[in-house]
Amino acid sequence: MTPNLGDVFAVPSPRDSAKPKKLMDSGKIKIVVRDVHKSFKTKKGIVGVLDGVNLEVREKEFVAIVGPSGCGKSTLLNCIAAFEPIDSGAIEIDRERVVRASKKRVFVFQEPGIFPWYSVWDNIGFGLGRRMPFEQKNEIVMKYIELVGLTGFERALPNELSGGMKQRVEFARALAVDPDVLFLDEPFGALDAFTRLEMRREIVRIWKATGKTCLLVTHDVEEACELADRIHVMSKRPATIKEVVDNPIARPRDPDSAEFRELKEHIFATLGVERRV
Amino acid sequence: MIISTAAAVGTIDLKYRRSAMNFGIRGLDLARSVLLPATLPQVLTALRVAVGIAWLVVVAAEMLGVEAGLGYLVLDARNGLHWDRVEAAMIMIGVIGLLIDLGMRRLERRMLERRGFAAR
């Protein structure tokens, strides 16, 4: 193990990791989540989901949140996107408290949230509003259609497209409004293995080209290791951040390389998952 | 129809509503671009049922106080003991009702297909 990897893998005590980690390099802080608590009322009583979650995301950073299924990672993302209220704590983006959803931060859903009654063109142009002049709108829409490689499908309806193509439309729709932040809630979950690989490469390319801040929620450790600069590992419900792992591997990343495997092993160990079948 | 439309709005997939919320679509725009298209299948089904009921009400109303129409014909023929005419009128009522439903169904399907619902 190289010395700097040793530093990265130094496991902080749970007490330490409960506090936001001191930031190592410069870069403006984009998203701050401070001591967020959230619970749901069910028939069986109150279920605590988030139990004092702390999180920081810098500008243009790609951050992943991994955790066991049902641990509340999607809930956390929904709270940050202001789709759901929090019980206590604070969520700030650009030093402002998050009160409502905004076009400046767009959510990419696991199942494409694109509208089946609109064509590809109309879907991608949806966020631009109806008042934008056609010429201007067309220019933006066509640019993103090209970016996601759907040229020729402008007039197609979503149910005429494959799952991967729908997900591309979803990405294009999110990017078309030129947001600062992308929230990715297991965006590749509904795709087959081949398309998923291709889409991961695509998202890294788009992220590099556009410089968006990306916050990814996933249960796929390999995906998190491939995509993110930093990985937050969540505990079981009621969830806290167990550990923040920096990912020093240079892109393009080879999932078969020794350092990649080591990183993965480390995260699995933190999650407490037995990998052998 | 109002009841089923209201119920349909309540069951719109959360991700569609959140998408709209995310892009800041509210009010009339929301109704036009999301609520109406998303509830179209339920609204059209409700419309079909409503038109069917309307047809029955029309026939029933023709039996009261008017001197024309199929409903009137049934009553008039019965009073005159023209059973053949009663039967013919009954069949006509049924056939017309069926045709209305068929037309509505075709309209429904065409609208849904054009609106991207895989209703075939």
Side-chain angles (χ1 to χ4, degrees), chain A residues 74-75 77-84 98-132 155-161 166-167 169-170 173-179 181-183 185-187 190, chain B residues 1-51 101 103-120:
Chain A
S74 288
T75 305
L77 201 62
N78 283 332
C79 290
I80 298 175
F83 288 152
E84 280 178 35
V98 173
V99 234
R100 63 161 58 141
S102 153
K103 263 194 227 184
K104 281 160 81 183
R105 357 176 234 277
V106 179
F107 206 98
V108 176
F109 297 86
Q110 177 176 10
E111 304 261 318
I114 56 172
F115 302 118
W117 48 88
Y118 280 153
S119 68
V120 169
W121 194 96
D122 286 323
N123 261 301
I124 297 175
F126 180 78
L128 300 170
R130 285 190 302 114
R131 274 165 279 280
M132 183 181 277
R155 297 254 66 92
L157 288 171
N159 68 1
E160 295 161 353
L161 303 177
K166 279 186 215 169
Q167 198 69 42
V169 177
E170 170 106 8
R173 183 181 71 169
L175 291 167
V177 295
D178 196 21
V181 184
L182 283 180
F183 297 123
D185 185 6
E186 296 191 15
Chain B
M1 258 196 84
I2 291 171
I3 292 170
S4 58
T5 305
V9 169
T11 58
I12 294 178
D13 201 324
L14 202 56
K15 69 188 178 212
Y16 296 145
R17 276 194 288 174
R18 284 184 168 167
S19 298
M21 208 157 110
N22 205 166
F23 292 112
I25 307 292
R26 276 191 295 273
L28 215 63
D29 268 359
L30 180 70
R32 256 180 50 145
S33 59
V34 181
L35 301 186
L36 211 63
T39 54
L40 195 68
Q42 289 96 320
V43 170
L44 286 181
T45 308
L47 187 71
R48 216 175 89 203
V49 173
V51 167
D101 193 57
M104 286 298 293
R105 222 182 293 186
R106 192 168 292 184
L107 189 77
E108 188 180 328
R109 201 172 50 197
R110 200 173 304 166
M111 279 182 81
L112 289 182
E113 266 169 31
R114 215 180 44 199
R115 288 304 195 131
F117 291 96
R120 263 164 242 274

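Reminder, nothing fancy here: chain letters follow the sequence lines and each chain counts from 1. Worth knowing before you read on, the calculation uses all heavy atoms, side chains too, and leaves out hydrogens, waters and symmetry mates.
- Neither the backbone nor the side chain of Ala81(A) comes within less than 4.5 Å of any heavy atom of chain B.
- For chain B, the nearby part of Pro112(A) is the backbone; its heavy atoms alone come within less than 4.5 Å.
- Heavy-atom distances place the backbone of Ile114(A), and not its side chain, under 4.5 Å from chain B.
- Atom CZ in Phe109(A) sits 9.0 Å away from atom NZ in Lys15(B) (nearest 0.5 Å).
- Between Phe115(A) and Tyr16(B), the ring-plane angle classifies as tilted under the 30° and 60° cut-offs.
- Neither the backbone nor the side chain of Asp122(A) comes within less than 4.5 Å of any heavy atom in chain B.
- The closest side-chain donor-acceptor pair between Arg173(A) and Ser19(B) falls under 3.5 angstrom.
- In this structure, no portion of Pro158(A) lies under 4.5 Å from any heavy atom of chain B.
- Of the atoms belonging to Val177(A), it is side-chain heavy atoms, and not backbone ones, that fall under 4.5 Å from chain B.
- Side chains of Leu157(A) and Glu113(B) form no contact here, defined as non-hydrogen atoms less than 4.5 Å apart.
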Open item on the list: Assess the residue pair Leu40(B) and Trp117(A) against the criterion (side-chain contact (heavy atoms from CB on, under 4.5 Å)); give the C-alpha distance rounded to whole Å, side-chain angles, the decisive distance to 0.1 Å, and a yes or no.
Closed with: CA-CA 10 Å; Leu40(B) 195 68; Trp117(A) 48 88; over 6 Å; no

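- Sparse packing is recorded around CE of Met111(B), with 12 or fewer heavy atoms of other residues, nucleotides or ligands lying under 6.0 Å away.
- Using a 4.5 Å cut-off between heavy atoms, Ile25(B) contacts chain A through its side chain alone, with no backbone atom that close.
- Chosen from Gly24(B), Ala20(B), Pro37(B), the residue pairing most often with chain A at heavy-atom distances under 4.5 Å is Pro37(B).
- Nearest heavy atom pair, residue Ala101(A) against residue Asn22(B), reads CB-CA, 4.0 Å.
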TODO: Might you work through the side-chain contact (heavy atoms from CB on, under 4.5 Å) test for Asp13(B) and Glu111(A), ending with a clear yes or no?
DONE: CA-CA 11 Å; Asp13(B) 201 324; Glu111(A) 304 261 318; over 6 Å; no

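- Under the side-chain hydrogen bond (donor to acceptor under 3.5 Å, both in side chains) criterion, Trp121(A) pairs with Asn138(A), sequence neighbours left out.
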